[in-house]
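Please read the structure below before turning to the comments.
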Amino acid sequence: VFGKDINLILVLNNLSSDRKSVRVDMSASTILYTRRAVAEILKAATSVELGPKQGKHIRVKIPYTHYGKYLTTDKRIQVTALCEVMRTHGLKLLVEKTIILEDTNIIIKLPRRVVVNKAVSLEISYANPLPEPVSRCVLLVTLMNQQVKINLARLAPRERSKIYFEFTPRRAGPLQLQVDFSCDKFSHVKGFVTIAVAPA
């Protein structure tokens, strides 16, 4: 989840009946959705001895403080592990994983029934998932082809807050509401719901 430390486990298994010595070079970078690297956030190397038919786990931790300021709006991190089996004429194995960090920041609560030409009040809650305060918070609400910009108070570390948003639907049928939350430390955290508007 965005704002928290990332914990990974690399599993190495020796399927042979010989003892193996493996060198593991690990790296991680924030990337764009095109897989282009933005910034390297982790570089580590370790060696592992594997007995016959033995497996071992290598734990890797990427703290938020290492990746936070380098993350793009795509919220993607590419982790690679190059495993080289020693004394086997350069036998290598490359393991790659792309992590997409989830946002759990926006929660939109609707009333049970929404009727055309009747005022509706929605609850929009938003959060700061980071271990540090954020300021210049802005909520952009898009509904019925109109955008409303709402300036919000600063949020303390891990704080959740909420506002109430009122509108009157003018026609029956499905209606999409989109919420976009930005602040000085991150931007474009989105949430959306489809509202079923009943006839009057």
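Everything numeric here is computed off the predicted structure, so don't read it as measured data.
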| task | Check each of V189, D180, V193 against I106 using the side chain to side chain contact (heavy atoms under 4.5 Å, CB included) test, and report the only one that passes. | result |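 Of the listed options, the one satisfying the test is V189.
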Looking only at non-hydrogen atoms, find the nearest pair between [X] and [Y] and report the distance.
X	Y	answer
C137	R154	SG-CA, 4.3 Å
R113	A198	NH1-CB, 3.6 Å
R23	A45	NH2-CB, 3.8 Å
G55	L50	C-CD2, 4.2 Å
H66	I41	O-CG2, 3.3 Å
V116	A200	CG1-N, 3.3 Å

Between atom [atom1] of [X] and atom [atom2] of [Y], what is the distance when rounded to the nearest 0.5 Å?
X	Y	atom1	atom2	answer
E49	N14	CD	CG	10.5 Å
Q78	S27	CD	OG	8.5 Å
Y33	I31	OH	CD1	12.0 Å
H188	K75	NE2	NZ	9.0 Å
I9	H57	CD1	NE2	6.5 Å
E84	L93	CD	CG	11.5 Å

Within 6.0 Å of [atom1] in [X], more than 12 heavy atoms from elsewhere:
X	atom1	answer
K97	NZ	no
E96	CD	yes
R19	CZ	yes

Are [Y] and [X] linked, directly or through intermediate hydrophobic residues, by side-chain heavy-atom contacts shorter than 4.5 Å (ILVMFWY only)?
X	Y	value
V197	V115	no
F192	F165	no
V134	Y70	yes
I124	I150	yes
M26	L91	yes

So do [Y] and [X] actually touch side chain to side chain, heavy atoms under 4.5 Å?
X	Y	value
K92	L82	yes
L71	I77	yes
P111	L122	yes
R170	N117	yes
K56	I58	no
L155	C183	no
F167	V148	no
L152	F181	yes

| query | Between V179 and Y126, does a side-chain contact (heavy atoms from CB on, under 4.5 Å) hold up when you go through it step by step? | reply | CA-CA 10 Å; V179 177; Y126 52 94; over 6 Å; no
Examine distances only and state if a side-chain atom of [X] and a backbone atom of [Y] form a donor-acceptor pair shorter than 3.5 Å.
X	Y	answer
S29	A37	no
N128	E159	no
D5	Y64	yes
K53	L15	yes

| request: Before giving the answer on side-chain contact (heavy atoms from CB on, under 4.5 Å), spell out for I99 and L8 the whole-Å C-alpha distance, their side-chain angles and the decisive distance to 0.1 Å. | output: CA-CA 10 Å; I99 300 164; L8 303 168; 3.7 Å; yes
| request: Let me see the working for L110 and V120 under side-chain contact (heavy atoms from CB on, under 4.5 Å), right down to the final yes or no. | output: CA-CA 9 Å; L110 304 171; V120 182; over 6 Å; no
| field | Polar contact flag, side-chain donor to acceptor under 3.5 angstrom, S125-R160 | value |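 Yes, side-chain donor-acceptor contact under 3.5 Å.
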| message | Quick one, R35 with T98, criterion side-chain contact (heavy atoms from CB on, under 4.5 Å). Give me CA distance, side-chain angles, the key distance, then yes/no. | response | CA-CA 9 Å; R35 291 173 62 95; T98 300; 3.8 Å; yes
